[in-house]
Structure formats: C-alpha cells, structure tokens
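See structure below.
Side chains are part of it too, since the values below use all heavy atoms of this structure and drop only hydrogens, waters and symmetry mates.
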Amino acid sequence: MGNYQATGIAAVENGTIVGGLLGYVDPYASEDFFFVSELFVIPELKKHEIGKQLLAELESILKEKNIHVIQLISIDYNEAFYSKCGLSQDACSVQYKKI
C-alpha cells in the first residue's frame, strides 16, 4: 500500500479467526483518516459484540497514532450497527456504474 499505513485486527476464538478488520491510514488534506476497507464477523457469531469490539480496538490504536477520523463505506443494511458504534453518515455518497 505504498506510504499508507495498513492495519489488520483479528478476532480469534478457540484458535479460529471469527472476525476481522482491515484498513489503512489515508493522508488526506489537512488531517489523516483511517479507511476501513473490510469488517467481517462469521455469520453464526454476528450480534455477539465482535464487530463492536474490533472497532473499539481500532479506536485505541488510532488514538495512539493521533488519528481521529474513521471512514468506511456501508450498505444500508449495516448502518444501524455502525450507528450503535458511534459512526454517523456524512455528506458523501458512493457513485458507481455497472458496465
């Protein structure tokens, strides 16, 4: 990822990865932010606070690096979860074109 600082966090239960968070620090304009490119929890363990714990661990890591903004792209279905974790929707929208 070049000069971008990549970070990965794994949630492990009984020696098996049951969730994870991947992303990178993006040096953007006047303030660096962390872009979460992937956050996952295996389906049978969703709603067991694993995703919330992964985001909390990320926040701790970022505070040590003096980074105060987390960004990600979410589908509508997951917005309630992210809201419970303290994230809010900004003014950006994702543009795409299927070709």
Side-chain angles (χ1 to χ4, degrees):
M1 288 193 178
N3 291 327
Y4 297 90
Q5 300 171 27
T7 298
I9 305 168
V12 179
E13 187 174 287
N14 298 322
T16 301
I17 294 175
V18 296
L21 185 150
L22 303 169
Y24 57 90
V25 175
D26 193 353
Y28 185 76
S30 62
E31 179 177 36
D32 291 350
F33 67 85
F34 188 88
F35 184 80
V36 177
S37 56
E38 185 70 38
L39 173 62
F40 69 92
V41 175
I42 61 172
E44 55 271 17
L45 291 179
K46 287 187 176 184
K47 299 189 180 199
H48 286 86
E49 305 265 325
I50 294 170
K52 188 174 183 178
Q53 291 170 3
L54 288 166
L55 285 169
E57 176 65 20
L58 175 64
E59 284 188 36
S60 295
I61 291 168
L62 295 179
K63 285 178 183 176
E64 290 178 12
K65 295 181 178 193
N66 203 30
I67 297 171
H68 304 287
V69 177
I70 297 172
Q71 287 188 331
L72 55 84
I73 297 171
S74 175
I75 57 176
D76 292 343
Y77 176 81
N78 291 327
E79 286 183 8
F81 163 75
Y82 289 118
S83 179
K84 289 178 185 176
C85 293
L87 283 85
S88 58
Q89 190 173 16
D90 66 10
C92 296
S93 65
V94 176
Q95 304 297 311
Y96 77 99
K97 178 180 181 180
K98 188 173 180 178
I99 55 173

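Criterion: ILVMFWY side-chain heavy atoms under 4.5 Å apart, direct or through other members. Under it, Val36 and Ile9 are part of a common hydrophobic cluster.
Only one option out of Leu21, Leu87, Asn78 pairs with Leu72 in a side-chain contact (heavy atoms from CB on, under 4.5 Å); it is Leu87.
Note that CD1 of Ile17 is 6.5 Å distant from CZ of Phe40, once rounded to the nearest 0.5 Å. Distance check, rounded to the nearest 0.5 Å: CZ of Phe33 to CG of Asp26 gives 4.0 Å. To the nearest 0.5 angstrom, Phe81 atom CZ is 9.5 Å from Lys46 atom NZ. Considering CG of Asp32 and OH of Tyr24, their distance stands at 12.5 Å, rounded to 0.5 Å.
In this structure a side-chain-to-backbone donor-acceptor pair under 3.5 Å is missing from Thr7 to Gly23.
Partners of Gln89 according to the side-chain hydrogen bond (donor to acceptor under 3.5 Å, both in side chains) rule, which considers only residues two or more places apart in sequence or in another chain, do not exist here. Taking the side chain to side chain contact (heavy atoms under 4.5 Å, CB included) definition, one finds that Val18 meets it with Ala11, Glu13, Ile42, Leu45, Ile50, sequence neighbours left out.
At a threshold of 4.5 Å between non-hydrogen side-chain atoms, the residues Val69 and Phe34 do not count as touching. Under the 4.5 Å side-chain criterion, counting only non-hydrogen atoms from C-beta, His48 is not in contact with Val41.
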Donor-acceptor list for residues 54-66 side chains, cut-off 3.5 Å, not counting sequence neighbours:
| residue | atom | partner | partner atom | Å |
| --- | --- | --- | --- | --- |
| Ser60 | OG | Ala56 | O | 3.4 |
| Asn66 | OD1 | His68 | NE2 | 2.7 |

